[in-house]
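One is the number of the first residue; the rest follow in order along the sequence.
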Amino acid sequence: MQGLEASSDEELMVLYQNGCGDAFSILFRRFEQPVLGYLKSKLSKSELAEEVFQDCFMKLHRSRFLYDTKYPFKAFLFTSLSQPAIFSSN
């Protein structure tokens, strides 16, 4: 897994699409704080931000095959966070 740490987000996502769970773990660690920070800034309750955070990464898992490498992974991830349904219960 140590060699994977040097991979770009996009490379890791392709590896994850091909079944590499370690690649997902690295992406999760890289984006855990930025995503959670973003959600906490948008949602009034920390518990709700935690719940949406979990949903976000579950959505990433389910939609991993939709990712296209010609786009930055970060944009793919944060686009899913901007969906109106996420903030409708705020």
Side-chain angles (χ1 to χ4, degrees):
M1 181 151 95
Q2 198 151 4
L4 292 177
E5 292 285 344
S7 299
S8 71
D9 300 334
E10 293 75 20
E11 292 167 333
L12 290 169
M13 191 60 184
V14 170
L15 289 168
Y16 181 52
Q17 287 174 322
N18 291 312
C20 180
D22 288 343
F24 178 81
S25 296
I26 294 168
L27 286 169
F28 183 87
R29 282 196 311 274
R30 283 184 187 176
F31 286 94
E32 180 177 17
Q33 291 306 313
V35 169
L36 201 49
Y38 173 79
L39 291 171
K40 285 181 177 180
S41 75
K42 296 292 183 186
L43 299 169
S44 59
K45 296 182 180 176
S46 184
E47 301 82 32
L48 182 57
E50 295 277 348
E51 185 177 322
V52 172
F53 171 78
Q54 293 297 324
D55 289 344
C56 170
F57 278 90
M58 284 302 298
K59 183 177 179 180
L60 174 64
H61 170 72
R62 288 190 304 269
S63 65
R64 68 189 177 278
F65 297 111
L66 299 176
Y67 174 68
D68 185 340
T69 57
K70 66 182 172 186
Y71 301 106
F73 170 76
K74 186 175 182 178
F76 179 76
L77 178 63
F78 276 85
T79 296
S80 70
L81 293 175
S82 65
Q83 300 301 318
I86 288 178
F87 299 111
S88 65
S89 59
N90 184 13

Less than 4.5 Å apart, any side-chain heavy atom of [X] and any of [Y]?
| X | Y | answer |
| --- | --- | --- |
| Cys20 | Val14 | no |
| Leu4 | Ser25 | no |
| Phe24 | Leu60 | yes |
| Phe73 | Phe31 | yes |
| Glu50 | Leu36 | yes |

Arg64: partners by salt bridge (Lys or Arg N to Asp or Glu O under 4.0 Å), with sequence neighbours left out
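Once residues adjacent in sequence are excluded, Arg64 has no partner under the salt bridge (Lys or Arg N to Asp or Glu O under 4.0 Å) criterion.
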
Drop me the distance from [X]'s [atom1] to [Y]'s [atom2], to the nearest 0.5 angstrom.
| X | Y | atom1 | atom2 | result |
| --- | --- | --- | --- | --- |
| Lys42 | Leu48 | NZ | CG | 14.0 Å |
| Leu39 | Gln54 | CG | CD | 11.0 Å |
| Phe53 | Ser46 | CZ | OG | 11.5 Å |
| Met13 | Ile26 | CE | CD1 | 13.5 Å |
| Leu43 | Glu51 | CG | CD | 10.0 Å |

Check for me whether the distance between the ring centres of Tyr71 and Phe76 falls short of 6.0 Å.
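No, they do not, as the ring centres are separated by 6.0 Å or more.
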
Atom of Ala23, atom of Tyr16 and distance for their closest heavy-atom approach
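Minimum heavy-atom contact is CB-N, 3.9 Å.
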
State whether Lys74 and Glu10 are salt-bridged, where the test is any N-O pair (Lys NZ or Arg NE/NH1/NH2 against Asp/Glu carboxylate O) under 4.0 Å.
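No.
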
Answer yes when Asp9 and Arg30 have at least one side-chain N-carboxylate O distance shorter than 4.0 Å, and no when they do not.
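Yes, charged N to carboxylate O under 4.0 Å.
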
Applying side chain to side chain contact (heavy atoms under 4.5 Å, CB included) to Lys45 and Lys40, what does each step give before you reach the verdict?
CA-CA 7 Å; Lys45 296 182 180 176; Lys40 285 181 177 180; over 6 Å; no

Is there a donor-acceptor contact under 3.5 Å from the side chain of Glu11 to the main chain of Ser8?
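Flag set: sc Glu11 to bb Ser8 pair under 3.5 Å.
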
Treating Ser63 as the side-chain partner and Leu66 as the backbone partner, does any N or O pair qualify as donor plus acceptor under 3.5 Å?
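No: the side chain of Ser63 does not pair with the backbone of Leu66.
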
